[in-house]
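Working notes, beginning with the structure itself.
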Amino acid sequence: MSVLAEISGTGTIEAPSWTFVCRLAELLPNSGAAALVRGCPVAVFRLSEDDVYAIGNVDPFSKASVLSRGIVGDVDGVPVVASPIYKQHFRLDNGQCIEDADVAVPSYRALVVDGAVIVETLEK
């Protein structure tokens, strides 16, 4: 996989970096798993055969690292996870909270490559 450089608004160059998280077969469909990606708590979700998402695992309302244990579903056709603590829904595609537009968790690109789930982070 090629590495592409992106120029941020500050003029610094950031290079994408991919981190192996697990084998796809280790994730059950319609469920999540917690991972530590470059020191960040990440929740990785598998929705279908090779449809995977990654968002921050820390629930911003409870401050607990629990989003990977939430219930996966959809709201108006958008894939979400419901926090197991206070039940707010977070979009899996961008981390936005459905109930509070001012709150979001980080989101990361996730791919399946040769049966492996990898998550992208940016290094400076």
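Predicted, not measured: the structure shown is a model, and the values here were computed from it.
- In this structure, the side-chain contact (heavy atoms from CB on, under 4.5 Å) partners of Y86, at least two apart in sequence or on a different chain, are F61, S62, Q88.
- Separation of atoms CD1 (I118) and OH (Y108) is listed at 15.5 Å; rounding is to 0.5 Å.
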Considering only distance and modelled atom types, tabulate donor-acceptor pairs under 3.5 Å from the side chains of residues 24-37, sequence neighbours left out.
residue, atom, partner, partner atom, Å
E26, OE1, R23, N, 2.8
S31, OG, L28, O, 2.6

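- Considering only residues two or more places apart in sequence or on other chains, D93 meets the salt bridge (charged side-chain N to carboxylate O under 4.0 Å, His left out) condition with R91.
- V105 and I85 end up in the same hydrophobic cluster when Ile, Leu, Val, Met, Phe, Trp and Tyr side chains are linked at under 4.5 Å.
- The backbone N or O of V103 lies less than 3.5 Å from a partner atom in the side chain of Q96, making a donor-acceptor pair.
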Check the pair V42, T121 against side-chain contact (heavy atoms from CB on, under 4.5 Å), reporting the backbone distance first and the verdict last.
CA-CA 11 Å; V42 174; T121 56; over 6 Å; no
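- V21 places none of its side-chain heavy atoms less than 4.5 Å from the side chain of V52.
- Cluster membership check: V112 shares its hydrophobic cluster with V44, using side-chain heavy-atom separations under 4.5 Å among Ile, Leu, Val, Met, Phe, Trp and Tyr.
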Just list the side-chain donor-acceptor pairs under 3.5 Å for residues 63-75, sequence neighbours left out, or say none.
residue, atom, partner, partner atom, Å
K63, NZ, P60, O, 2.7
S65, OG, N57, ND2, 3.0
S68, OG, N57, OD1, 3.4
D74, OD1, G77, N, 3.1

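- Screening residues 39-52 for side-chain hydrogen bond (donor to acceptor under 3.5 Å, both in side chains), with sequence neighbours left out, gives no hits.
- For E99, the side-chain hydrogen bond (donor to acceptor under 3.5 Å, both in side chains) test picks out H89, with sequence neighbours left out.
- Counting only heavy atoms from C-beta outward, the side chains of W18 and V113 never approach each other to under 4.5 Å.
- With sequence neighbours excluded, the residues satisfying side-chain hydrogen bond (donor to acceptor under 3.5 Å, both in side chains) with S83 are D59.
- The heavy-atom pair separating L92 from Y53 by the smallest distance is O-CD2, 3.2 Å.
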